[in-house]
Amino acid sequence: MLTPITGQERIASLDIIRGFALFGIFLVNFPSFHPAGYPVQMFSLDPGYTGLDRSIRLFYDMFVQTKFYTIFSFLFGLGFYIFMCRAEKKGFPVYRLFTRRLLVLLVFGLLHLIFLWYGDILHTYALAGFILLFFYRKSNRVILGWAFGLLIIVLSLMALPLFFSDQLYGSLQQEQHALGQQEMKRTLDMYEHASYIEWVTYRFSAEASDILSNTPLTVASILPLFLFGLYAGRRGILREPDKHTRFIWLTWIGTLTMSIPLVSMVFAVEYDIVSFGAAKLDAKRLFIQLSGLTLCFFYMSSLLLLMGNRLARTLLVPLGYAGRMALTNYLGQTIVALILMRGFGLFETFTLGIGLIICIAVYVLQILFSFYWLRFFRFGPLEWIWRSITYGALQSIKIVHK
């Protein structure tokens, strides 16, 4: 019988970094569970934040938005390499095994997207993962060449609106905003008055279909991080960080140096210190994306360096509990957010300040839940399902205490 990676084979630093990313993703995702989240995002509407909420939104844009899904993406590529190597050493059919793993993830993602929330990332990871399979035996040069090449293409496409004339782009934005306002009214009405079946039907036609149509671009934006993770896996950087201390320090210094001007530009664009005219929002998104790439590696290298200190590592260990059950906790965050927004009507009084407090409280509870669950079980509940289908047999989940 095929068996998955055991607890002893896990790399603790990966779980800690994954747990850290899980919290940042929840911070960013939570406001998008508001009924207005989708129209605001898709039609580039002004969410109208003022006072404390505007400050929190700016903080998110500078230090959280795009900084954590990039970490998750990097870790997916790294995890892919670890999975393939270990399966290969055990003589397993690695491509067939990982394909099955991706198919299960794709099903999880599509169910999440269609029945719960438009912001699902799992289906995109699964689809990008199929492409990643073609790079497993490629040289490091090919892997890095494709990673940087795709990054340049995606970032160039994001930068295109900055070169449009204000008059032309301004008129296009006015039309888009008018459509967005109509969709906003329709969405709010659905959240307030529709049954669950009506709500899901509406979401499939208005949200899920649009998300799926944008899949090629989202896959192209995520695949470079997968490839960087694959490269890091080959180098053994996270598996044996002590052997790569110099590289980690150089990464820390380099990404910090690059992040300072990029994060500063997010602030400068927000307050019109630097003007991009009608393309202000696009410029802000570009600098958020660029700073997301640099801060992603700054955060990871910072955590790796901190884990070299015994006290810091002890303080970071709780993040690892949540990280070991990342799939369960990620989907659990969606369920909690929907219960609060739709079930208890939180969207009527929602502020980013309230959202921040809720995110902290829910994440602490998730750490506690994960800690106690992992005292008795080897995997999270959804991780167990995922692994069992991947390996074609029910996996032993209970920990037998001797």
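Computed over heavy atoms, backbone and side chain alike; hydrogens, waters and symmetry mates excluded.
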Using the six-membered ring wherever Trp is involved, compare the ring planes of W252 and W249 and label them parallel, tilted or perpendicular (cut-offs 30° and 60°). perpendicular
In terms of relative ring orientation, are F297 and F228 parallel, tilted or perpendicular, with 30° and 60° separating the classes? perpendicular
Taking the side chain as C-beta and beyond, is there a heavy-atom pair between L14 and I82 under 4.5 Å? yes
Within-4.5 Å side-chain heavy-atom neighbours: Q366 and F23: no
Between T215 (side chain) and L212 (backbone), is there a donor-acceptor pair under 3.5 Å? yes
Are I56 and Y49 side-chain neighbours, meaning at least one heavy-atom pair lies under 4.5 Å? no
Keeping N309 on the side-chain end and L305 on the backbone end, is there a donor-acceptor pair under 3.5 Å? no
Straight-line distance of L22 CG to T328 OG1, nearest 0.5 Å: 10.5 Å
Decide if the gap between the ring center of Y363 and the ring center of F26 is smaller than 6.0 angstrom. no
For S259 and T294, does a side-chain donor sit closer than 3.5 Å to a side-chain acceptor? yes
For atom OH of Y95, decide whether the heavy atoms of other residues, nucleotides or ligands shown that lie under 6.0 angstrom number more than 12. yes
Hey, does H123 have a side-chain heavy atom less than 4.5 Å from the side chain of I211? yes
Would F369 and M325 satisfy side chain to side chain contact (heavy atoms under 4.5 Å, CB included), going step by step from the backbone distance to the final call? CA-CA 10 Å; F369 169 73; M325 293 173 50; 3.6 Å; yes
Side chain to side chain contact (heavy atoms under 4.5 Å, CB included) for I71 and F74? Distances and angles first, verdict last. CA-CA 5 Å; I71 295 178; F74 175 90; 5.7 Å; no
Is R324 close enough and on-axis enough to F371, meaning under 6.0 Å and within 45°, for cation-pi? no
Using modelled atom types and a 3.5 Å cut-off, is there a donor and acceptor pairing between side-chain atoms of W373 and backbone atoms of F379? yes
Going through the distances and angles, do I121 and Y330 end up as a side chain to side chain contact (heavy atoms under 4.5 Å, CB included)? CA-CA 10 Å; I121 197 68; Y330 170 71; 3.6 Å; yes
Checking the side chain of E383 only, and the main-chain atoms of A326 only, is there a donor and an acceptor separated by less than 3.5 Å? yes
So do the side chains of T334 and N29 get within less than 4.5 Å of each other, counting heavy atoms only? no
Could you tell me whether R203 sits above the aromatic face of W199, with NZ or CZ closer than 6.0 angstrom to the six-membered ring centre and within 45 degrees of the axis? yes
Please work out whether the ring planes of Y391 and F83 are parallel, tilted or perpendicular, with thresholds of 30° and 60°. tilted
Among F130, F80, F76, Y69, find the one that has a ring pair (Phe, Tyr, Trp, His ring centres under 6.0 Å) with Y125. F76
Would you say the rings of Y271 and F267 are close, in the sense that their centroids are separated by under 6.0 Å? yes
Any ion pair linking R186 and D189 (charged N to carboxylate O, less than 4.0 Å)? no
Contact check, side chains of R234 and I143, non-hydrogen atoms, under 4.5 Å: yes
Do T66 side-chain atoms and I288 backbone N/O form a donor-acceptor pair below 3.5 Å? yes
Can you label the angle between the F20 ring and the Y299 ring as parallel, tilted or perpendicular, going by 30° and 60°? perpendicular
Evaluation steps, side chain to side chain contact (heavy atoms under 4.5 Å, CB included), between M62 and F287: CA-CA 9 Å; M62 293 172 70; F287 287 114; over 6 Å; no
For side chain to side chain donor-acceptor pair (under 3.5 Å), just list the numbers for K67 and S291, CA-CA rounded to whole Å, side-chain angles, deciding distance to a tenth of an Å, and then say yes or no. CA-CA 7 Å; K67 284 69 174 175; S291 61; 2.9 Å; yes
Can you confirm whether F226 sits close enough to L230 that some side-chain heavy atom of one is under 4.5 Å from a side-chain heavy atom of the other? no
Does the separation of the ring centres of W386 and F108 fall below 6.0 angstrom? no
Do Y118 and S32 have side chains that approach each other closer than 4.5 Å (heavy atoms only, starting at C-beta)? yes
Looking at R57 and E270, does any basic side-chain N land under 4.0 Å from a carboxylate oxygen? no
